[in-house]
2 protein chains.
Amino acid sequence: MYTIKEVAQMMDISEHTLRFWAKSGFFPFVKRNENNIRMFSDNDLEWVKIVKCLRSVGTENKLVKRYIDLCIVGDSTIPERYEIIQTTKAKAQEQMKELTQQLSLLDYKEKFYQNLIKNNLEDSWNPMNKMQPEDEAV
Amino acid sequence: MYTIKEVAQMMDISEHTLRFWAKSGFFPFVKRNENNIRMFSDNDLEWVKIVKCLRSVGTENKLVKRYIDLCIVGDSTIPERYEIIQTTKAKAQEQMKELTQQLSLLDYKEKFYQNLIKNNLEDSWNPMNKMQPEDEAV
DNA sequence: GGTTGACTGATAGTTACTCTCAAGATTAAT
DNA sequence: ATTAATCTTGAGAGTAACTATCAGTCAACC
């Protein structure tokens, strides 16, 4: 059993956020000890993990809550839960594509600056005026 | 030359966000026409692109502004700009790793639900109690 | 027995949008 | 020529999701 602090360290999520999530109803299953302290079981960590997963892909908190609530209801909600997972996965794949593109732009920029520094070249940018994307583009 | 609406469509960013970015000083170079309407040149789009890139990786607005300002100053700021790009790239790579992991979890979940639906299996989850991660884990 | 440290809930503050709206200009239709 | 529809603008309010601050509780150690 883990305290909120331990969970925060293990899952790399701030205590604040975990409490915020708890207050948002994301962990209705986490028990408290005799001092009203939240004690997370190993199994609870799996729930934290899925919440983190959904959130990290940008699923809004309202939908995360919906998913949790559906799990509690039971079998009859499997189709809706499946749909949520599918939608989330599609979104994640979209993000992957976007991220790949942005990475290649960053890579280009990195090399551009490396060249500029290595060769002690001029930064061919005339403020507000005739900057050329292929020369500098920022 | 493009209006803010056209830029919004081309770059897949809302007009609202573009105005917000403009107000934040991200586009100090964009000219206005005689009616005070912003007119983006093709070159300006390159700037929008790099702002979008930085933001999509989670670079905070303050740093984006810093980067833009450095570009305006000129050559002497190349090392700091290079550093910003490097840091951003490293962050993007980190995100890529994270996203890959989350995708594999989502993939697992997807298959899990597919099985559940295909075989009309029971959802072996006893609310608040003995849920097993490997059986359901949400 | 007093201080330390972890926990609690309540509440205020922050970031980055996101939306609403009134005012001014342009085009299209009456 | 006037009206209506459409677009743009800035100002400002609203929202989501944290993030930080604070006062208060409680067990544990010196």
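Hydrogens, waters and symmetry mates are skipped; everything else that's a heavy atom, side chains included, is used. Quick note on labels: first sequence line is chain A, next is B, and so on, each numbered from 1.
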J.: T3(A) side chain: which of dA27(D), dC7(C), dA17(D) is closest?
T.: dC7(C)
J.: To the closest 0.5 Å, what do you measure between CE (M1(A)) and OG (S41(A))?
T.: 5.5 Å
J.: Under 4.0 Å between a Lys/Arg side-chain N and an Asp/Glu carboxylate O for E110(B) and K89(A)?
T.: yes
J.: Rounded to whole angstrom units, what separation is found between the NZ atom of K62(A) and the P atom of dA17(D)?
T.: 9 Å
J.: For F40(A) and F27(A), take the angle between the two ring planes, folded into 0 to 90°, and tell me which bin it lands in: parallel under 30, tilted 30 to 60, perpendicular over 60.
T.: perpendicular
J.: Between P on dT19(D) and CG on L18(A), what's the gap in Å once rounded to a whole number?
T.: 11 Å
J.: If we only count heavy atoms from C-beta on, is the I50(B) to E46(B) side-chain gap below 4.5 Å?
T.: no
J.: In whole Å, what is the span from the CG atom of N36(B) to the P atom of dC7(D)?
T.: 19 Å
J.: For N35(A) and dG5(C), what is the distance between atoms CG and P respectively, to the nearest whole Å?
T.: 19 Å
J.: Please report the distance, rounded to the nearest Å, between CZ in F26(B) and C1' in dT15(C).
T.: 11 Å
J.: Check this for me: does any side-chain nitrogen of one of R55(B) and E60(B) sit under 4.0 Å from a carboxylate oxygen of the other?
T.: no
J.: Which of parallel (below 30°), tilted (30 to 60°) and perpendicular (above 60°) describes Y67(B) and Y113(A)?
T.: perpendicular
J.: Which is it for L103(A) and Q93(B) under the side-chain contact (heavy atoms from CB on, under 4.5 Å) test, yes or no, and what are the steps along the way?
T.: CA-CA 8 Å; L103(A) 252 172; Q93(B) 282 167 337; 3.9 Å; yes
J.: If you check the R19(B) side chain, which of dT8(C), dT9(D), dA6(C) turns out closest?
T.: dT9(D)
J.: Counting the atoms with a prime plus P, OP1 and OP2 as sugar-phosphate, which does S24(A) contact under 4.0 Å by heavy atoms, base, sugar-phosphate, or nothing?
T.: nothing
J.: Atom CD of E34(A) to atom P of dA27(D): distance rounded to whole Å?
T.: 8 Å
J.: What integer distance in Å separates N33(A):CG from dT8(C):C1'?
T.: 12 Å
J.: Could you state the atom-to-atom distance from CZ of R32(A) to P of dC26(D) in whole Å?
T.: 14 Å
J.: Please enumerate all protein N or O atoms sitting under 3.5 Å from an N or O of nucleotides 18-23 of chain C, with distances to 0.1 Å.
T.:
none

J.: Distance check: side-chain N/O of R38(A) vs OP1/OP2 of dC7(C), anything under 4.0 Å?
T.: no
J.: dA16(C) phosphate, OP1 or OP2: any side-chain N/O from W21(B) under 4.0 angstrom?
T.: no
J.: Just checking R55(B): base, sugar-phosphate only, or nothing, at a heavy-atom cut-off of under 4.0 Å?
T.: sugar-phosphate
J.: Need to verify one output field. Residue with the more 5' nearest nucleotide on DNA chain D, G58(A) or E15(B)?
T.: E15(B)
